[in-house]
Colleague: 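So that we are looking at the same thing, I have put the structure below in structure tokens.
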Amino acid sequence: MKLSIVLPIYNTEHYLRRCLQSVFDQDLPAEEYELIAVNDGSTDSCPQILEEFAKKYSNLVYLTHENIGDALTRNRGIDAAKGKYLTFLDSDDAIENNTFKTIIEKAEKENLDILYMKMSQYDEEGNYLRDMPAIGEEGVVKSGFEHPRRTFPATLYRRSIVLDTRFDKRILLGCDSVFNAIIQTRADRCSYISIPYYKYTNRQNSISKQGYTDRCYHGYIKSIELLADYKIAIFPNPTPAQKLYFDAVITIFIDITLKLSIVPTLKKERFEELKKVLKGYDLSYLITDKSKEFKYFDKNFTLFYLYNKAKKIKQLISSK
């Protein structure tokens with residue numbers, strides 16, 4: 001089997017039929033790919049829709065369990081996958097018709113470990129909004145440490161490089177970034193294809209709107225720790241390219257922690273914990289670097305607090 005598509009599902013009845021049909025309106029023979037649809041305890045009509053499609057399509061593998069969360073649901077799908085290549089799909093999104101054959105042929109012809117596919121944004125009614133930035137350059141193959149990266153779902157992985165890496169349930173937002181970042185370190189050949197492929201639905205009530213919550217904050221810290229621990233364990237003496245790669249990914253989580261969890265709340269314990277974690281991994285230079293954008297992040301909390309408090313007051317006054 002050439003391709004496994006992992007599809008976690010939770011209460012997306014409004015989008016699910018479109019999503020499922022897009023997977024089967026393809027040009028790859030049914031025996032060469034499988035859709036692993038994992039129902040995460042949906043309480044709407046998703047189970048009935050899945051049963052309907054399972055009766056119609058022999059290459060739909062339907063799994064179901066009580067609600068355990070997105071990360072563990074994806075992991076169950078990975079564990080069940082049999083394809084040479086692995087990719088993901090969210091149940092409120094869709095795939096362009098007749099694209100599977102093209103991406104598989106490209107991956108096999110160029111012996112790719114990772115292939116990034118084109119993503120386009122649509123509104124909740126299915127109207128086209130815009131194309132998302134390309135991740136790499138078509139026809140150019142680079143190693144994982146050199147190629148640009150983007151979190152799934154529009155990413156094709158050679159399943160053999162996934163190994164035992166799975167999504168971490170402790171990370172509410174960003175577990176896809178950690179998953180992708182770790183796997184790309186094992187990739188010798190990465191590239192991009194520009195044909196229209198992934199139709200991303202821009203939903204107003206997306207989970208990403210919850211990025212300021214306490215659970216998200218702890219997930220950001222855990223992401224930094226997981227990435228830093230992986231680097232130490234697998235690349236204890238990193239090359240300049242490897243060091244730059246890990247610094248860039250960790251910086252993403254520093255940035256989001258500051259923007260969503262520290263500056264809005266101005267909680268001293270969060271400010272100090274983030275800095276303590278970074279210093280513990282000898283990443284103090286990243287504190288210095290981010291202080292160019294987040295003034296006084298490299299100083300004490302009092303200065304950081306007073307500066308950001310004054311900034312908020314000025315913004316409030318100017319908005320009146």
Side-chain angles (χ1 to χ4, degrees), residues 6 8 69-79 81 85-88 112-116 135-136 142-190 211 215-258 260-261 270 273-290:
V6 173
D70 189 65
L72 296 181
T73 298
R74 293 183 190 282
N75 292 345
R76 189 177 181 196
I78 296 173
D79 292 341
Y85 298 98
L86 174 71
T87 192
F88 298 89
L112 299 176
D113 296 310
I114 291 178
L115 176 62
Y116 287 104
I135 303 299
K142 294 183 178 181
S143 73
F145 285 110
E146 298 173 317
H147 197 279
R149 54 170 296 278
R150 176 191 61 208
T151 57
F152 82 105
T155 308
L156 186 74
Y157 299 97
R158 186 190 298 273
R159 190 165 62 90
S160 60
I161 70 168
V162 174
L163 301 177
D164 61 349
T165 299
R166 296 293 183 270
F167 295 91
D168 194 306
K169 67 178 182 179
R170 296 168 294 182
I171 304 171
L172 181 60
L173 288 180
C175 66
D176 50 342
S177 292
V178 176
F179 178 88
N180 172 270
I182 288 175
I183 293 176
Q184 188 152 318
T185 66
R186 304 174 187 143
D188 293 321
R189 297 178 61 80
C190 304
R215 182 183 170 192
C216 281
Y217 163 73
H218 291 297
Y220 303 147
I221 296 297
K222 180 55 62 178
S223 298
I224 293 171
E225 292 173 339
L226 288 173
L227 289 164
D229 286 338
Y230 177 78
K231 173 188 170 185
I232 292 169
I234 308 300
F235 304 97
N237 299 299
T239 66
Q242 292 168 346
K243 179 179 179 298
L244 185 64
Y245 178 91
F246 281 103
D247 283 353
V249 182
I250 290 172
T251 296
I252 291 172
F253 285 100
I254 299 173
D255 188 72
I256 197 171
T257 305
L258 285 162
L260 299 183
S261 295
R270 292 184 177 182
E273 182 181 19
L274 176 58
K275 292 178 68 172
K276 181 180 179 181
V277 168
L278 294 173
K279 290 177 180 178
Y281 286 108
D282 294 324
L283 297 173
S284 295
Y285 58 91
L286 295 181
I287 297 175
T288 302
D289 184 63
K290 290 310 296 181

Colleague: One pair to check against side chain to side chain contact (heavy atoms under 4.5 Å, CB included): I250 and L286. What are the steps and the verdict?
Modeller: CA-CA 9 Å; I250 290 172; L286 295 181; 4.1 Å; yes
Colleague: What's the verdict on side chain to side chain contact (heavy atoms under 4.5 Å, CB included) for R159 and Y85, showing C-alpha distance, side-chain angles and the deciding distance?
Modeller: CA-CA 5 Å; R159 190 165 62 90; Y85 298 98; over 6 Å; no
Colleague: Looking at every heavy atom in both K231 and P238, which two are closest together, and how far apart are they?
Modeller: CE-CG, 3.9 Å
Colleague: Applying the side chain to side chain donor-acceptor pair (under 3.5 Å) test to R149, which of T155, N180, T185 qualifies?
Modeller: N180
Colleague: How far does CG of L226 sit from SG of C175, to the nearest 0.5 angstrom?
Modeller: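 So the CG of L226 and the SG of C175 are separated by 10.5 Å.
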Colleague: May I ask you to establish whether R270 and Y217 are in a cation-pi arrangement, using a distance under 6.0 Å from NZ or CZ to the six-membered ring centre and at most 45° from the ring axis?
Modeller: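 R270 over Y217 ring: yes.
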Colleague: Working to the nearest 0.5 angstrom, can you tell me the gap between I224 CD1 and T251 OG1?
Modeller: 9.0 Å
Colleague: Looking only at heavy atoms, which two atoms of A181 and V249 are closest? And how far apart?
Modeller: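 Smallest heavy-atom distance, with atoms named: CB-CG1, 3.9 Å.
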Colleague: With heavy-atom distances below 4.5 Å as the criterion, would you say the side chains of P148 and Y116 are in contact?
Modeller: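 P148 vs Y116: side chains apart.
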Colleague: How close do R186 and Y230 get, heavy atom to heavy atom, and via which atoms?
Modeller: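 Minimum heavy-atom separation between R186 and Y230: NE-OH, 3.7 Å.
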Colleague: What I'd like to find out is whether the side chain of I171 reaches to under 4.5 Å of the side chain of D176, using heavy atoms alone.
Modeller: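 Counting from C-beta outward, I171 and D176 never come under 4.5 Å.
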Colleague: Could you tell me which non-hydrogen atom of L115 sits nearest to which non-hydrogen atom of L112, and how far apart they are?
Modeller: CD1-CD1, 3.8 Å
Colleague: Return the OG1 to CG distance between T288 and L278, rounded to the nearest 0.5 Å.
Modeller: 10.5 Å
Colleague: Run the side chain to side chain contact (heavy atoms under 4.5 Å, CB included) check on L274 and L258 step by step: do they pass?
Modeller: CA-CA 9 Å; L274 176 58; L258 285 162; 4.2 Å; yes
Colleague: Distance from I221 atom CD1 to I254 atom CD1, nearest 0.5 Å?
Modeller: 9.0 Å
Colleague: Donor-acceptor pair, distance only, cut-off 3.5 Å: does the side chain of N75 make one with the backbone of F167?
Modeller: yes
Colleague: Is the ring centre of Y245 less than 6.0 Å from the ring centre of F235?
Modeller: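 Distance test on ring centres: not under 6.0 Å, no.
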Colleague: Nearest 0.5 Å, please: how far is CD1 in I182 from CG in L227?
Modeller: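 The CG atom of L227 sits 5.5 Å away from the CD1 atom of I182.
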Colleague: List the atom of C216, the atom of L172, and the distance in Å for their closest heavy-atom pair.
Modeller: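 For C216 and L172, the tightest heavy-atom pair comes out as SG-CD2, 3.5 Å.
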Colleague: F88 vs F179 aromatic rings, parallel, tilted or perpendicular, using cut-offs 30° and 60°?
Modeller: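 Aromatic pair F88/F179 classed perpendicular.
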Colleague: Between Q184 and H147 (side chain of the first, backbone of the second, donor and acceptor by atom type, cut-off under 3.5 Å), is there such a pair?
Modeller: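 Present.
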Colleague: Check step by step if side chain to side chain contact (heavy atoms under 4.5 Å, CB included) holds for F145 and T239.
Modeller: CA-CA 10 Å; F145 285 110; T239 66; over 6 Å; no
Colleague: Considering all heavy atoms of both residues, which atom of L86 and which atom of A81 are nearest to each other, and what is their separation?
Modeller: CD1-CB, 4.0 Å
Colleague: Spell out, as yes or no, whether a donor-acceptor pair under 3.5 Å connects the side chain of D113 to the backbone of C190.
Modeller: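 Answer holds: no.
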Colleague: How many angstroms lie between atom OG1 of T257 and atom CD of E273, to the nearest 0.5 angstrom?
Modeller: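 Going from OG1 on T257 over to CD on E273, the span is 9.5 Å.
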Colleague: Please determine whether a side-chain nitrogen of the Lys or Arg among E225 and K222 lies less than 4.0 Å from a carboxylate oxygen of the Asp or Glu.
Modeller: yes
